[in-house]
Protein chains: 2
Amino acid sequence: MSETVKTDATQPVPLDASRQLFIRRWGEMGGYWGINRTMAEIHALLFVSNEPVCTDDVMERLLVSRGTASTNLRALVDWGLIERVHLRGDRREYFLCRTNVWEMLETIIQQRRRREVEPIVETIDKCLEMVGPVTKGKTAAEPEDVTKFRCRLEEMQSFLQSFGAIVDMMVTLGPEGLERVSGMMTKMMA
Amino acid sequence: MSETVKTDATQPVPLDASRQLFIRRWGEMGGYWGINRTMAEIHALLFVSNEPVCTDDVMERLLVSRGTASTNLRALVDWGLIERVHLRGDRREYFLCRTNVWEMLETIIQQRRRREVEPIVETIDKCLEMVGPVTKGKTAAEPEDVTKFRCRLEEMQSFLQSFGAIVDMMVTLGPEGLERVSGMMTKMMA
DNA sequence: CTGAACTTTCAATATATACTGAAATAACTA
DNA sequence: TAGTTATTTCAGTATATATTGAAAGTTCAG
């Protein structure tokens, strides 16, 4: 741990200051996305650390209590963003951030989609059921209110579904595929 | 206002209950995305209302104070998600949700990108500058720490940029374009 | 200009969320 | 096994965020 303490380096302070800045900003961003700041900061700390980090490192670097460190590290493991590792001759648990940026963001996107987009899609389904079956043709003289309401929900539904499908595909394709799609889209737009 | 009070309809309760359900869920979702629940609920209320809604309607339907209604309505206008309208012979301000789902989500995506993705990209730039200029070739014997750190930041940077670019394009292309891209991607994946 | 109708603002307050630290639990070693 | 060290949990507390309601501000008709 504490690789930053080595004082042999030519520029030990800039490296650390730079990390610090990144950590702070990543934490702020977390706030905007409904993720608690400390959890995001811990994630950032692990992301910029080349060596595994233990609970005490987190406490020391981020000035948080053992409870907070423990809880948030666990949550990050649950999200699949970091993993536990063990170091020879040390009984403590260390944590490592999945280093591949693509995989990392893939994980975040998929988790959020599952937790946040799917529930709303399900709810829209339920809402549609509640206002009764779709009147095929214009037989059942549905009140205009209901028709408009249904219409809006259906639009929302189909939007969310196709948008979600695209994101899924992007994730599946990975970085190289993404490059190709980008190229194609540029051509389409010309 | 209060179109839901008309009791002539065949199914007045289901429509309202359905709306209620949608509003509640949309509000919960807001929470996950760092948007305050009430603001999201007001947005949902407007989204499912066919007629313009005024501050008193919001207060009544959502049981919130005048202050809250006013503040959140304003915020929604600032976000560009709803607009003010005026009704003949009524001095009050009414609000209308932009009905086009595509435009609505486009607005949200763009705003969030501007507010949340761009700052992090800028910060990464700053962080990279802080650890000094890139050593072309391997002359400057940069400490390994720094090299790794720079490497991770650069990966993150390029990921965010290409992902952002794609999203931008999707937004620009609109629904039909999206269909086409979807088709192409499906083919690519086969 | 005046008063009525409506809107905004903001200090006080309520609520929700996160953090602490120590006790309980678990995991290891000798 | 007992003793030691690491980890988790959680009641109490601190902090941040949202809400209220009434006062101040605005707009408009006469």
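Being a predicted model, the structure only gives us computed values, none of them experimental. Chain A is the first sequence line, chain B the second, and so forth, proteins listed ahead of strands; every chain is numbered from 1. Quick note: numbers below take in every heavy atom, side chains included, and nothing from hydrogens, waters or symmetry partners.
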By nearest atom, which of the nucleotides D:dT19, C:dT20, D:dC28 is closest to the B:R91 side chain? D:dC28
Tell me the bend of the helix from C:dC1-D:dG30 to C:dA30-D:dT1 as the angle between end helix axes, each from five pairs, rounded to the nearest 10 degrees. 20°
Would you say D:dT19 has OP1 or OP2 under 4.0 Å from some side-chain N or O of B:T38? yes
Separation of C:dG21 C1' from A:M59 CE (nearest whole Å): 10 Å
So does B:R66 get a backbone contact from the side chain of B:S70, meaning a donor-acceptor N/O pair under 3.5 Å? no
Find out whether the Lys NZ or Arg CZ of A:R98 is both under 6.0 angstrom from the six-membered ring centre of A:W79 and within 45° of the ring's axis. no
Among side-chain atoms of B:E155 and A:N100, is any donor-acceptor pair under 3.5 angstrom? no
B:R112 side chain reached by B:V117 side chain, heavy atoms, under 4.5 Å: no
Between A:G67 and A:G34, which is nearer to the 5' end of DNA chain C once each is assigned its nearest nucleotide? A:G34
Any side-chain donor near an acceptor of the partner, A:R114 and A:Q111, under 3.5 Å: yes
Is any NZ, NE, NH1 or NH2 atom of the basic residue among A:K126 and A:E129 found under 4.0 Å from an Asp or Glu carboxylate oxygen of the other? no
Separation of A:E41 atom CD from C:dA18 atom P, in whole Å? 13 Å
Does a side-chain N or O from B:S70 land closer than 4.0 Å to OP1 or OP2 of C:dT8, or not? yes
Considering every strand and a 4.0 Å limit on heavy-atom distances, what is the contact class for A:R66: base, sugar-phosphate, or nothing? base
Side-chain N or O of B:S65 closer than 4.0 Å to phosphate OP1/OP2 of D:dT19: no
Find the distance A:L73:CG to D:dT8:P and express it as a whole number of Å. 8 Å
What nucleic acid atoms does B:L63 come within less than 4.0 Å of, heavy atoms only: base, sugar-phosphate, or nothing? sugar-phosphate
